[in-house]
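Side-chain atoms are counted along with the backbone in the values below, which use heavy atoms only and exclude waters and symmetry mates. A, B, ... follow the sequence lines: proteins, then strands. Residue 1 opens every chain.
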Protein chains: 2
Amino acid sequence: MILSGELSSGDALGEEALAEKCGVSRTPIRDALRRLEAELLVRRTESQRSFVAHWSLDDVSDAFELRAMLEGYAAKRAAERMDDATLQQLKACNKAIWVAIKGTEADVDTFLDRNREFHALILETASSRRLSSLLGVLIEQPVIWRTAHHYSREAFEQSHKEHDDLLSAFERHDGPWAEAVMAGHIRRAFHAYSDAHRGMLAEREAA
Amino acid sequence: MILSGELSSGDALGEEALAEKCGVSRTPIRDALRRLEAELLVRRTESQRSFVAHWSLDDVSDAFELRAMLEGYAAKRAAERMDDATLQQLKACNKAIWVAIKGTEADVDTFLDRNREFHALILETASSRRLSSLLGVLIEQPVIWRTAHHYSREAFEQSHKEHDDLLSAFERHDGPWAEAVMAGHIRRAFHAYSDAHRGMLAEREAA
DNA sequence: ACTTCCCCTATTGTATACATTTATCCAAAG
DNA sequence: CTTTGGATAAATGTATACAATAGGGGAAGT
């Protein structure tokens, strides 16, 4: 419900209300809220009441900077451990991204799914449970993914090209190269987000 | 119980058994297990049974590498945001560490407490909720802290000196310096752990 | 003797009732 | 009119009962 935008920043998340809305009891709701709190999607006050977390631009900037570090590290490890089968999967994945963004109208949902798959494959190849656990907290941020619908064609194409660079680095098992490309890739994604976000704010202003 | 060594790697964590042992019902036990699972102290099988997580040397190495990155970043941010009051607190803290390790017998518990306080203050000054959340997963690893009881005097003294270097970097608001010192500090801590760990294994071998 | 299938037990998931704590609102006093 | 106090209502914490599911052990057949 948070990811789909049904709930927005600051909304109260009473356990009983959610339980009724979902047709279950409070017990599984409590479990879910704890999990979402760990993922920073839900904020809890000192008196243990839950609300949909608010993400300022500074927060998003923070998250991207951390992602740049951690996914860079993941790319380095992945490059050192890359095998042929996985490399082929990644290539197929990026090919699918190319198809999705090359139509007259970019297929954003497919782009997002395949993009997620691409990064997930790299993370898996990095084979560090701790790293996966940490990045899990950062990557599923709704405020970020939703703005992709406002990306420019250039942003999509640049993203695809950077993925290709990553593939070259993986092919040569060049860890530092992969790390540098990935860090740049994430930082560029932040600016793409930032631009798209400004665009959305301007639209709302006009309306 | 995991931290104190009362439970060891692989032990089963039945909810009912823990509830009886702790004198509470299963409900708060379940909450605690979920939290500990997020902190990687507890592992759950695909059928949702809980066990005390096992940490190999590779796992610990991973954790330290991630800590070096993230605490380095925290130190950089802290240096940029450091104020006089916090700096004084940090100095007092490191002074207390000095006292604890300078006796004929090093007071390891005080060292650990103050060390934790030192790093917690820096993390707080970095003022990034996301960063705090991520590092929270990595810092409370029992396998790491327990080996401190086997550190050499040199290891303690080096740690104290590196804290002093950090304080200098903070005083000058030199982010990159602080980051470099902290990264080195954590990496050295890993080798101190590694040495102490080998020592413990040798002891066990002899017995 | 080994394997396979089934039943029983143990463990976790869920619902609900109750206890405890926190917030809100209204009234009374300064 | 503002503030403070308490009473009331609402939300979370905890306990317990029941349901569903996974695991283990025993019996039977090969």
Quick one: which protein N/O atoms are closer than 3.5 Å to N/O atoms of nucleotides 6-11 of chain D? Pair and distance per line, please.
| residue | atom | partner | partner atom | Å |
| --- | --- | --- | --- | --- |
| D/dA11 | O4' | A/Arg49 | NH2 | 3.3 |

note: B/Asp31, atom CG; C/dG13, atom P; distance rounded to Å ~ 12 Å
Aromatic ring proximity, centroids under 6.0 angstrom, A/His163 and A/His185: yes
Rounded to whole Å, CG of B/Leu33 lies from C1' of D/dT14 at a distance of 16 Å
Give the rounded distance in Å between these two atoms: CD of B/Glu20 and P of C/dT11. 12 Å
Check the pair A/Val137, B/Arg130 against side chain to side chain contact (heavy atoms under 4.5 Å, CB included), reporting the backbone distance first and the verdict last. CA-CA 9 Å; A/Val137 172; B/Arg130 271 140 295 279; 5.9 Å; no
I need the CD-P distance between A/Glu46 and D/dT12, as an integer number of Å. 14 Å
salt_bridge(A/Arg188, A/Glu162) N-O dist < 4.0 Å: yes
A/Ser25, nearest nucleotide to its side chain (from C/dT16, D/dT14, D/dG13): C/dT16
Quickly work out the A/Arg26 CZ to D/dG13 P distance and round it to whole Å. 8 Å
All heavy atoms of B/Ser50 vs all of B/Leu33, minimum pair found to be OG-CD1, 4.0 Å
Is the charged tip of A/Arg114 near the ring of A/Trp98: under 6.0 Å from the six-membered ring centre and within 45° of its axis? no
Quick one: label A/Thr27 by what it contacts on the DNA or RNA (base, sugar-phosphate, nothing), any heavy atom closer than 4.0 Å. base
Tell me the interatomic distance from B/Phe51, atom CZ, to C/dA10, atom P, rounded to whole angstroms. 16 Å
Salt bridge between A/Arg198 and A/Asp195, side-chain N to carboxylate O under 4.0 Å? yes
Ignoring backbone atoms, test whether B/Ser47 places a side-chain nitrogen or oxygen under 4.0 Å from the OP1 or OP2 oxygen of D/dG23. yes
For D/dG13, does either OP1 or OP2 sit under 4.0 Å from a side-chain N or O belonging to A/Arg30? yes
